[in-house]
A.B. asks: 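The structure under discussion is supplied below as structure tokens; questions concerning it will follow.
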Amino acid sequence: MKRTFKPVTVVGGGLAGAEAAWQLAERGISVHLYEMRPDTKTPAHSTSLLSEIVCSNSFGGEKTTTPAGILKKELKILNSLLIQCAEATKVPAGNALAVDRDLFAKMVTDKISSHSKIKVMRKEIVEIPASPVIIATGPLTSSDFAEQLKNKVGESLLYFYDAVAPIITTESIDKDCSFRANRYGDTGDYINCPMDKETYHAFWESLVNAESAPRHSFEIEEMRHFERCLPVEVIAKRGEQTLLFGPLRPVGFSMTNNSEETPFAVVQLRQDNEEGTLYNMVGFQTNLKWGEQERVFRMIPALKNAEFVRKGVMHRNLFVCAPKVLDNSLRLNGEESFFLAGQITGVEGYVESISMGMAAAVFMYAHLEGLEMPVFPKETAIGSLINYLNTATPDTFQPMNVNLGIFPKLPGKKIYKRALRCEAYAERSIEHMNKFIEDNSCLFP
Ligand SMILES: Cc1cc2nc3c(=O)[nH]c(=O)nc-3n(C[C@H](O)[C@H](O)[C@H](O)COP(=O)(O)OP(=O)(O)OC[C@H]3O[C@@H](n4cnc5c(N)ncnc54)[C@H](O)[C@@H]3O)c2cc1C
């Protein structure tokens, strides 16, 4: 006889919440998915679509020669809805999986809204809901709900600061001052905006002296940034050369349109929508005042007439101190049926958040079925991320993206070439993931 369960409440229809809802629904579990947009907004989302991605449109490396590629491969093996939607809406971006953000979010929204087991409710949750529940409210959790979470986990609710990069129209980019190429690649997916030494110096001077947006009174004096999301002006203030070894590094280009000379600095623009009418500024997350963004970024010769359709903004990002409050099933310590998913668990990144939606759904399903909680093998990217969440040092805990450092070392001699080393990790991870699915076949119907 088929067992019936109380519907699972999923709070937050972002990347993790949508994946978790879909995975449960596909296993026959009814889901009530609460999304507060469009009535209650976040500082970064701009649509009412589920799984809207708020900054870069890239999901990172596609091949298993990168850790992000390994994680995607595992998600594909696990039948991730969001990776399927990303692949169906991809735009050219070299070896990365980048998407048309609107088409991607529309596709996820349609799939989720038309699933017979999922009821989407447009409502901000302000009280902790009754179990069974998965909390996937993300880094921009609404403030009332964040207060409730704080009451539940106390000082273990943490935050850091993050910023979004501007998007510009393609037609406003000066073709004569830019060239198409991929770093170390043979296709021309990116638009590159070179600067000579003198122009770069003037740009850098203006950038470090430009005015930042004022902070809200609730924000603390000392801004805690996540290193990977540093605003471009903060990186620039570390020294005139710093950007030249970061987002503006002029390496990996064999030629430019007009010259054989290697540029002194290069700003890269990545296609942002399927039609190719929008491009985003790679690595240009910023908290400058909007007028200052226009003034300073238009000093880049190819962008002198740039039309900005979205300006950069900065936000506070919430996450829990996972090693203190989560067990190895992403469940709050001491709770039977209260799981977290997505970035709030303490992972960082789009695909990492999706993977924590996937894992939370598998754990919730095991719990509802009264099965032993599965343990994702540490050799897999998902298992490594969860292991990191459980075993990191609580006092210095920071959100983690997927990287080879969190996997157990490969036996045998070190493979020096990074791509080959990654492929060796990928081979092992896929083997363990397949075995895990086989051993837990009732969780993967
Ligand atoms: C500004 C910003 C830029 C980022 N840029 C990148 C990037 O470029 N690349 C990258 O890999 N990662 C980036 N991240 C990090 C992270 O990957 C994304 O935030 C990702 O979307 C997290 O997925 P999630 O499902 O945990 O949260 P989200 O995708 O944010 O989904 C959470 C959802 O919950 C809803 N919600 C919040 N509170 C409530 C409530 N009380 N009731 C009901 N609904 C609620 C929100 O409206 C939202 O739709 C960025 C994060 C931020 C904040």
A.B. asks: CD1 of I77 to CD1 of I382: how many Å apart, nearest 0.5 Å?
C.D. replies: 9.5 Å

A.B. asks: Work out which heavy atom in L244 is nearest to a heavy atom in A265; give both atom names and the distance.
C.D. replies: CD2-CB, 3.5 Å

A.B. asks: Is the backbone of N401 close enough, under 3.5 Å, to the side chain of E352 for a donor and an acceptor to pair up by distance?
C.D. replies: no

A.B. asks: Please step through side chain to side chain contact (heavy atoms under 4.5 Å, CB included) for the pair I118 and V120, ending with a clear verdict.
C.D. replies: CA-CA 6 Å; I118 305 176; V120 179; 4.2 Å; yes

A.B. asks: Starting at CD1 of I125, measure out to OG1 of T9 and round the result to the nearest 0.5 Å.
C.D. replies: 7.5 Å

A.B. asks: Any side-chain heavy atom of S30 sitting closer than 4.5 Å to one from K117?
C.D. replies: yes

A.B. asks: For the NZ atom on K435, are there more than 12 heavy atoms of other groups (residues, nucleotides or ligands in this structure) within a distance under 6.0 Å?
C.D. replies: no

A.B. asks: Any side-chain donor paired with an acceptor under 3.5 Å for T187 and N182?
C.D. replies: yes

A.B. asks: Between H32 and V8, does a side chain to side chain contact (heavy atoms under 4.5 Å, CB included) hold up when you go through it step by step?
C.D. replies: CA-CA 6 Å; H32 290 174; V8 170; over 6 Å; no

A.B. asks: Rounded to the nearest 0.5 Å, how far does CG of L230 lie from CD of Q285?
C.D. replies: 8.0 Å

A.B. asks: So, do R101 and E52 sit near enough that their side-chain heavy atoms are less than 4.5 Å apart?
C.D. replies: no

A.B. asks: Measuring only between side-chain heavy atoms, which start at C-beta, is N280 closer than 4.5 Å to V282?
C.D. replies: yes

A.B. asks: Can you tell whether the side chains of E379 and R428 come within less than 4.0 Å, N to carboxylate O?
C.D. replies: no

A.B. asks: Apply the test side-chain hydrogen bond (donor to acceptor under 3.5 Å, both in side chains) to residues N328 and N390: give CA-CA distance (whole Å), side-chain angles for both, the deciding distance (0.1 Å), then the verdict.
C.D. replies: CA-CA 6 Å; N328 64 354; N390 289 147; 4.9 Å; no

A.B. asks: Looking at the rings of F59 and F104, which for Trp means the six-membered one, are their centres under 6.0 Å apart?
C.D. replies: yes

A.B. asks: Is it the case that the side chain of W22 and the backbone of I112 share a donor-acceptor pair, with hydrogens and angles ignored and the cut-off at 3.5 Å?
C.D. replies: no

A.B. asks: Under the criterion side-chain hydrogen bond (donor to acceptor under 3.5 Å, both in side chains), which of K72, K90, K73 is the partner of E62?
C.D. replies: K90

A.B. asks: In terms of relative ring orientation, are F376 and F363 parallel, tilted or perpendicular, with 30° and 60° separating the classes?
C.D. replies: perpendicular

A.B. asks: Which atoms form the tightest heavy-atom contact between E423 and T65, and what is the distance?
C.D. replies: OE2-CG2, 3.4 Å

A.B. asks: Just checking Y365 against F444, ring centres under 6.0 Å apart?
C.D. replies: no

A.B. asks: So, the side chain of R37 versus the backbone of T47: is there a donor-acceptor pair under 3.5 Å, distance only?
C.D. replies: yes

A.B. asks: As an exercise, state the distance from CD1 of I344 to CG of N317, rounded to the nearest 0.5 Å.
C.D. replies: 10.5 Å

A.B. asks: More than 12 heavy atoms of other residues, nucleotides or ligands under 6.0 Å from CG of N440: is that the case?
C.D. replies: yes

A.B. asks: Checking ring-ring contact (aromatic ring centres under 6.0 Å, His included) against F284, which of F297, Y279, F308 comes through?
C.D. replies: F297

A.B. asks: Relative to each other, are the rings of F319 and F397 parallel, tilted or perpendicular (30° and 60° limits)?
C.D. replies: tilted

A.B. asks: Is the shortest side-chain heavy-atom distance between T393 and P323 below 4.5 Å?
C.D. replies: no

A.B. asks: With a 4.5 Å limit on heavy-atom distance, are the side chains of F407 and T380 in contact?
C.D. replies: no

A.B. asks: Contact between K41 and M36 at the side-chain level, heavy atoms closer than 4.5 Å - yes or no?
C.D. replies: no

A.B. asks: Where do L389 and L330 land on the side chain to side chain contact (heavy atoms under 4.5 Å, CB included) test, with the steps shown first?
C.D. replies: CA-CA 9 Å; L389 296 179; L330 303 178; 3.9 Å; yes

A.B. asks: Can you give me the closest heavy-atom contact between I415 and A424, atom names plus distance?
C.D. replies: CD1-CB, 3.7 Å

A.B. asks: Would you find a donor on one side and an acceptor on the other, under 3.5 Å apart, between the side chain of S80 and the backbone of K76?
C.D. replies: no

A.B. asks: Could you check K311, E233, E292 and say which one makes a side-chain hydrogen bond (donor to acceptor under 3.5 Å, both in side chains) with T286?
C.D. replies: E233

A.B. asks: Tell me whether the count of non-hydrogen atoms from other residues, nucleotides or ligands lying under 6.0 Å of CD in E427 goes above 12.
C.D. replies: no

A.B. asks: Between the main-chain N or O of T277 and the side-chain N or O of T170, is there a donor-acceptor pair closer than 3.5 Å?
C.D. replies: yes

A.B. asks: Does S131 reach the side chain of E336, with side-chain heavy atoms less than 4.5 Å apart?
C.D. replies: no

A.B. asks: Between Q268 and N192, is any pair of side-chain heavy atoms under 4.5 Å apart?
C.D. replies: yes

A.B. asks: Inspect the contact between E335 and K152 and indicate whether a charged nitrogen and a carboxylate oxygen are less than 4.0 angstrom apart.
C.D. replies: yes

A.B. asks: Is there a side chain to side chain contact (heavy atoms under 4.5 Å, CB included) between E19 and L81 once you walk through the steps?
C.D. replies: CA-CA 6 Å; E19 185 69 58; L81 170 71; 4.1 Å; yes

A.B. asks: Using a 3.5 Å distance criterion without hydrogens, assess whether the side chain of R122 forms a donor-acceptor pair with backbone atoms of S48.
C.D. replies: yes

A.B. asks: Keeping the roles fixed (side chain from K111, backbone from L82), state whether a donor-acceptor pair exists under 3.5 Å.
C.D. replies: no

A.B. asks: Minimum heavy-atom separation for S429 and E74, please, with both atom names.
C.D. replies: OG-OE2, 3.2 Å

A.B. asks: Just verifying a value: how many Å separate E438 CD and M433 CE, rounded to the nearest 0.5 Å?
C.D. replies: 13.5 Å

A.B. asks: Ignoring hydrogens and geometry, is there a side-chain-to-backbone donor-acceptor pair from T109 to L50 under 3.5 Å?
C.D. replies: yes

A.B. asks: Where the side chain of R238 meets the backbone of V234, is there a donor-acceptor pair that is under 3.5 Å apart?
C.D. replies: no

A.B. asks: Looking at every non-hydrogen atom in both residues, tell me the closest pair between V296 and A210 and how far apart they are.
C.D. replies: CG2-CB, 3.9 Å

A.B. asks: How long is the straight-line distance from CG of D100 back to CG of D272, given to the nearest 0.5 Å?
C.D. replies: 7.5 Å

A.B. asks: Please name the pair of heavy atoms, one in V347 and one in G342, separated by the smallest distance, quoted to 0.1 Å.
C.D. replies: CG2-O, 3.6 Å

A.B. asks: Please answer whether the main-chain N or O of A360 pairs with a side-chain N or O of R331 as donor and acceptor at a distance below 3.5 Å.
C.D. replies: no

